[in-house]
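Keep in mind that the numbers below use all heavy atoms, side chains included, and drop hydrogens, waters and symmetry copies. Naming convention: chains lettered A, B, ... in sequence-line order (proteins, then strands); numbering from 1 in each chain.
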Amino acid sequence: MDVSFLLNPLNDAQREAVTLPEDVHALVLAGAGSGKTRVLTHRIGWLIEGCGVQPWNILAVTFTNKAAGEMRARAAALIGPRAQSVTLGTFHGIAYQLLRQHWREAGLIENFQVIDADDQKRLVKRLLRELELDEAQWPVRQAVSFINGQKEEGRRAAHIDPGHDPYLETMLRIYRAYEEQCARGGLVDFAELLLRAHELWLKQPAVLAHYQQRFRHLLVDEFQDTNTLQYAWLRVLAGGTGRLFVVGDDDQSIYGWRGARVEHIQRFTEDFADVRVVRLEQNYRSTGTILKAANTLIAHNSGRLGKNLWTAGEAGEPIEVYRAFNELEEADFVCRQVEHWLEEGGSRDEIAVLYRSNAQSRLLEQALLRHRIPYRVYGGLRFYERAEIKDVLAYLRLLVNRNDDASFERVLNNPPRGIGARTQEQIRRHARQHGLSLWQAARQLVENGLSARARGAVSGFLALIDELERACAELPLAQQLIEVIARSGLQAQLEKDRSEQAQSKLENLNELISAAEQFRPEPEDEDVPLLTAFLNRAALEAGEHQADAHTPCVQLMTLHAAKGLEFPLVMMVGMEEGLFPTQSAIDDPVKLEEERRLAYVGITRAQKKLVMSWCEKRRWQGRELYPMPSRFLSELPPECVKEVRLGGRTAAERDFSGVSGGFSGRSDFDPVKMGETPLFAIGQRVRHAKFGEGIVIALEGSGEQTRVQVHFDQGGSKWLLAAMAPLEAL
DNA sequence: TTTTACGATATTTTT
DNA sequence: TATCGTAAAA
């Protein structure tokens with residue numbers, strides 16, 4: 001077999017990785033833009049074409065559906081239809097497949113339903129109420145992240161010993177109640193997919209042996225993002241015979257806060273014998289300047305595996321750093337940059353604007369709208385996460401499984417049909433007392449219990465669901481949706497509402513119907529009703545469905561969402577201390593390093609040109625900040641940076657000069673002295689009678705109310721009222 | 001039971 | 001500054 005087509009397009013390091021012997025483990029440290037997907041797909045091709053490995057003996061795992069899809073497409077382009085027989089998917093997708101296949105051994109019901117993060121949150125919230133826990137004291141978010149955190153470490157409620165820690169005791173109560181609830185409803189959340197799959201390995205040696213036999217080659221993408229459970233799962237599956245080929249970049253680990261453990265990269269070489277390490281350091285994406293900036297920045301992190309990206313390409317333009325007056329002006333600057341890029345012959349979809357937090361997108365959107373520049377925001381609400389979509393899906397789930405309490409609760413009085421909080425509470429109480437699902441409880445209460453009025457409403461609802469099931473039994477999937485949307489009253493509710501939002505919701509429902517029309521089940525979903533398969537795919541592939549993907553648009557997204565993508569022009573906005581790095585990372589070295597990696601990810605997205613901006617003054621969460629420029633700006637090599645800015649005055653100068661000129665009678669705004677209040681500027685050295693010397697790092701308010709934040713040389717910073725504090729400018 | 005109004009509250013989120 | 005969720009009014 002001639003395999004030159006597999007090897008010729010590769011550089012030396014890539015070829016070394018791809019052609020490693022098939023009986024060793026491999027760790028490929030792949031820098032940004034160094035061709036890691038190429039290495040993975042060519043490795044698949046090499047195993048099959050070069051080593052005679054059967055495609056079905058290969059398992060390739062990614063984190064996102066997008067990455068899986070891309071790898072599948074590229075593998076198919078390389079080796080043709082045989083790529084189809086490779087098992088390729090996300091961790092969650094593969095776990096789902098396994099559980100479908102072995103639901104009985106895994107202790108699940110046949111029709112188990114996958115719930116997404118939002119469903120999970122609602123469920124936990126309901127449980128908190130049932131347990132009569134104060135939501136202010138026990139935030140839902142915290143409970144959810146406790147549960148997921150435990151599952152990601154492989155722990156069930158039964159494994160945890162709370163000791164005498166009251167916090168743990170409560171969390172454990174919630175976790176237990178949650179487990180029960182999921183078991184009753186046949187619900188499986190994302191972490192549960194992985195945990196069950198892992199337990200399946202451990203508890204069913206025969207099943208495990210079968211898959212160990214089958215998957216001789218395990219390829220893993222974005223290995224730095226694996227959490228404890230995923231890594232354990234891989235280790236068990238590899239057993240003594242499977243061979244792992246993992247690709248990752250410790251410098252791009254940005255999901256530590258979600259349980260990802262970069263340490264797995266280091267541990268990998270200890271956990272497995274005979275691991276070959278290959279570094280991919282040649283970058284094919286960015287200019288020399290951009291790479292130099294990225295390298296210099298990331299060098300500020302400690303404990304790296306070490307890696308230096310280089311390019312054979314040219315240096316390119318310097319990185320522009322723009323100092324804006326405020327966030328509005330920054331957004332305007334972004335638009336001007338876009339317009340400039342277009343004038344130079346570029347196109348909109350070559351541009352990405354990256355920010356640290358979603359809240360920053362709004363102003364940018366408004367500015368782009370004003371400038372009539374088409375844009376698309378990534379992240380945010382995804383199609384299958386929209387409320388109207390989830391409403392319909394909840395009805396459908398109820399048709400499949402009456403005991404799905406989360407769905408029952410979601411649609412019981414939606415659209416409003418006169419089943420109020422009191423009646424709902426009755427149903428819940430009855431369910432709890434008798435260990436029933438909400439559906440069963442409602443059934444019983446309709447028989448005896450409930451007021452006449454409530455009984456009518458509830459029995460009407462029960463009848464509606466039964467009737468819908470009957471009506472849908474013989475219909476094709478899309479018709480079923482149409483029935484449900486019409487007869488549930490959701491459609492009428494939206495049509496009645498003439499607002500623009502209602503209109504767009506109706507459009508989304510139509511999108512959903514057409515998604516159902518096009519839906520084709522995967523092989524592993526063969527034995528399940530089509531509807532169940534559709535629902536589970538909706539949960540697993542929430543992000544895949546993109547509406548109107550065809551006008552070229554400027555792309556707006558968070559830095560996290562940008563990982564894995566590349567754009568000729570990248571703009572990173574909001575480069576300010578407190579925003580990026582985010583406030584909570586500022587005095588936490590571990591978090592700070594993750595922020596820096598995030599900056600590294602952002603920088604390395606840029607192919608040709610990189611622009612960064614920061615604001616002297618920013619309205620943020622209702623407050624006015626005078627932030628310092630992000631430390632990440634000063635960590636760039638000065639020779640790579642070109643500062644651009646308007647005018648010469650700082651925000652403080654502008655703010656005061658106009659006022660003091662116009663209102664000379666008012667001495668409190670005098671720039672030299674405001675009554676007894678000294679004037680401070682950011683960066684100003686000061687001395688405090690008690691705390692010693694320091695530097696002003698932020699200002700807030702004006703006149704008598706001016707507060708300054710001072711970072712003292714002895715460490716620590718404090719907010720002080722300028723008029724009151726014994727503070728002296730130096 | 002539904003609507004409205006006010007007050008609390010703010011990262012990042014592949015699945 | 002906007003959103004969201006809960007609490008009081010209709």
Contact class for [X] (heavy atom, under 4.0 Å): base, sugar-phosphate, or nothing?
X        : answer
A/Phe91  : nothing
A/Ser584 : base
A/Arg129 : sugar-phosphate
A/Ser357 : sugar-phosphate
A/Arg258 : base
A/Gly622 : base
A/Asp225 : base

A/Ala454 vs A/Lys591, nearer the 5' end of DNA chain B by closest nucleotide: A/Ala454

Given DNA chain B, 5'-ward residue of the pair A/Thr423 and A/Ala117, judged by closest heavy atom: A/Thr423

Using a cut-off of less than 4.0 Å, is there contact between a side-chain N or O of [X] and OP1 or OP2 of [N]?
X        : N      : result
A/Asn358 : B/dT12 : yes
A/Thr558 : B/dT11 : no
A/Asn413 : B/dT1  : no

B/dT13 to C/dC4 separation - P atoms, rounded to the nearest Å: 16 Å

Atom C1', compared across B/dT14 and C/dT3: separation rounded to whole Å: 25 Å

Please determine, for the side chain of [X], which listed nucleotide ([options]) has the closest atom?
X        : options                : answer
A/Lys125 : C/dG5, B/dT13, B/dT15  : C/dG5
A/Trp257 : B/dT15, B/dT12, B/dT2  : B/dT12
A/Gln621 : B/dT14, B/dA10, B/dT13 : B/dA10
A/Arg362 : C/dT1, B/dT12, B/dT14  : C/dT1

Measure from [atom1] on [X] to [atom2] on [N] and round the result to the nearest Å.
X        : N      : atom1 : atom2 : answer
A/Asn148 : B/dT14 : CG    : P     : 14 Å
A/Phe190 : B/dT14 : CZ    : P     : 9 Å
A/Leu540 : B/dT15 : CG    : P     : 9 Å
A/Arg618 : C/dA2  : CZ    : C1'   : 16 Å

Going by atom types only, do [X] and [Y] share a side-chain donor-acceptor pair under 3.5 Å?
X        : Y        : result
A/Gln120 : A/Asn148 : yes
A/Tyr178 : A/Asp189 : yes
A/Gln252 : A/Tyr600 : no
A/Gln424 : A/Gln426 : no

Salt bridge (charged side-chain N to carboxylate O under 4.0 Å, His left out) assessment of A/Glu566 paired with A/Arg605: CA-CA 5 Å; A/Glu566 58 183 22; A/Arg605 299 310 97 195; over 6 Å; no

Pairing partner of B/dT11 (Watson-Crick or G-U wobble, both distances under 3.5 Å): none

Base partner of C/dG5, which must satisfy Watson-Crick or wobble distances under 3.5 Å: B/dC6

Side chain A/Arg356 and base B/dT11 donor-acceptor under 3.5 Å: yes

Enclosure of A/Arg453 CZ (heavy-atom neighbours >12, cutoff 6.0 Å): no

